Protein chains: 2
Amino acid sequence: MAMFNPAHPGEILKELIIESLGLTITDVASHLGVSRKTLSKILNTHGSITPEMAVRLELAFGKPTADHWLRMQNAFDLWQTRQQKASFQVSPYNVQMA
Amino acid sequence: MAMFNPAHPGEILKELIIESLGLTITDVASHLGVSRKTLSKILNTHGSITPEMAVRLELAFGKPTADHWLRMQNAFDLWQTRQQKASFQVSPYNVQMA
DNA sequence: CCTTTATGGATAAAACTTTTAATCATGGGA
DNA sequence: TCCCATGATTAAAAGTTTTATCCATAAAGG
């Protein structure tokens, strides 16, 4: 389990790629073939990197790879999910086994 | 990029856990707190391991960890997405940069 | 100043996904 | 034969993702 709240991949995308290369969100969105809104939401942590978006990013920028983008999204999602795990208590299965 | 079509995590779950421990799908579903339908679909590769399901599996069985389940799902999804990448052509961004 | 451009927010709509429930047919054991 | 587990079907509810349009704001350049 990750120890600390992992960064949303949108923050990485924004800082590491868009800002550091001096690109505009509008331009990158149209280059990726998605709406400005979709990209904007991801960058502001209100949207997720889907498998398709991960492949689009890889095709456009090379690195991080699609796999890497999805791992970042996973780490983020998992953290969020674990925080609310009280809402779906599941006990170890071992207990019931012979 | 993975070289070969990765297994759907549902197959792993079915073979490695449910079958090898001699559990029934009905029983595991109710233990996990999801419907039999939901689990059945995953086991037959018609459903996905969501972050919440990954945590449920980890809480019930310990290993594989939630992170591991999500990686398996990622590998599968990514493969599927790459197969249809013709449907969303994206060119390298380098070309347009100064 | 004034104009253009980039951006995030709000709103609404469409498409898709996930989950559930109920029901049915099949096939294996006891 | 009877019961149980299973996958399939159908239908419904809930949630997510993406898009489009419009607006307010702010920054950049003339």
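Note that the structure is a prediction, hence the values are computed from the model and not measured. Throughout, a chain's letter reflects where its sequence line sits, starting with A, and its residues are numbered from 1.
If you take CG of Leu13(A) and P of dT7(C), they are 12 Å apart, rounded to a whole angstrom. If you take CG of Asp77(A) and P of dT16(D), they are 11 Å apart, rounded to a whole angstrom. dT17(D) atom P lies 9 Å from atom CD1 of Ile42(A), rounded to whole Å. Counting to the nearest Å, the P atom of dC16(C) and the CD atom of Glu52(A) are 12 Å from each other.
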Q) Reading nucleotides 25-30 of chain C 5' to 3', which nucleotides get B (base under 4.0 Å from a protein heavy atom), which S (sugar-phosphate only), which -? A) ------
Atom pairs under 3.5 Å, N or O on each side, protein against nucleotides 4-7 of chain D: can you list them with distances?
{"unit_1": "dT6(D)", "atom_1": "OP1", "unit_2": "Ile25(B)", "atom_2": "N", "d": "3.0"}
{"unit_1": "dT6(D)", "atom_1": "OP2", "unit_2": "Ile25(B)", "atom_2": "N", "d": "2.8"}
{"unit_1": "dT6(D)", "atom_1": "OP2", "unit_2": "Thr26(B)", "atom_2": "N", "d": "2.7"}
{"unit_1": "dT6(D)", "atom_1": "OP2", "unit_2": "Thr26(B)", "atom_2": "OG1", "d": "3.0"}
{"unit_1": "dG7(D)", "atom_1": "OP1", "unit_2": "Lys14(B)", "atom_2": "NZ", "d": "3.4"}
{"unit_1": "dG7(D)", "atom_1": "OP1", "unit_2": "Asn44(B)", "atom_2": "ND2", "d": "3.4"}
{"unit_1": "dG7(D)", "atom_1": "OP2", "unit_2": "Ser40(B)", "atom_2": "OG", "d": "3.1"}
{"unit_1": "dG7(D)", "atom_1": "N7", "unit_2": "Arg36(B)", "atom_2": "NH1", "d": "2.9"}
{"unit_1": "dG7(D)", "atom_1": "O6", "unit_2": "Arg36(B)", "atom_2": "NH2", "d": "2.9"}

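Helix-axis bend for the helix from dC1(C)-dG30(D) to dA30(C)-dT1(D): the local axis fitted to the five terminal pairs at one end deviates from that at the other end by 30°, rounded to 10°.
Using modelled atom types, one side-chain atom of Gln73(A) and one backbone atom of Ile49(A) make a donor-acceptor pair closer than 3.5 Å. When atom types are taken as modelled, the side chain of His46(B) and the backbone of Ser40(B) share no donor-acceptor pair closer than 3.5 angstrom.
For Ser35(B), the side-chain atoms get nearest to dA21(C) when compared with the rest of dA21(C), dT18(D), dT18(C).
No continuous path of hydrophobic side-chain contacts links Phe76(A) to Met53(A) [ILVMFWY only; heavy atoms under 4.5 Å].
Ring geometry for Phe61(B) versus Tyr93(A): interplanar angle under 30°, hence parallel rather than tilted (30 to 60°).
Distances shorter than 4.0 Å separate none of the side-chain N or O atoms of Thr38(A) from OP1 or OP2 on dT18(D). OP1 and OP2 of dT18(C) both lie 4.0 Å or more from every side-chain N or O belonging to Thr50(B).
From Asp77(A), atom CG reaches atom OG1 of Thr81(A) across 6.0 Å, with rounding to the nearest 0.5 Å. To the nearest 0.5 Å, the span separating OG on Ser91(B) from CG on Leu32(A) amounts to 9.5 Å.
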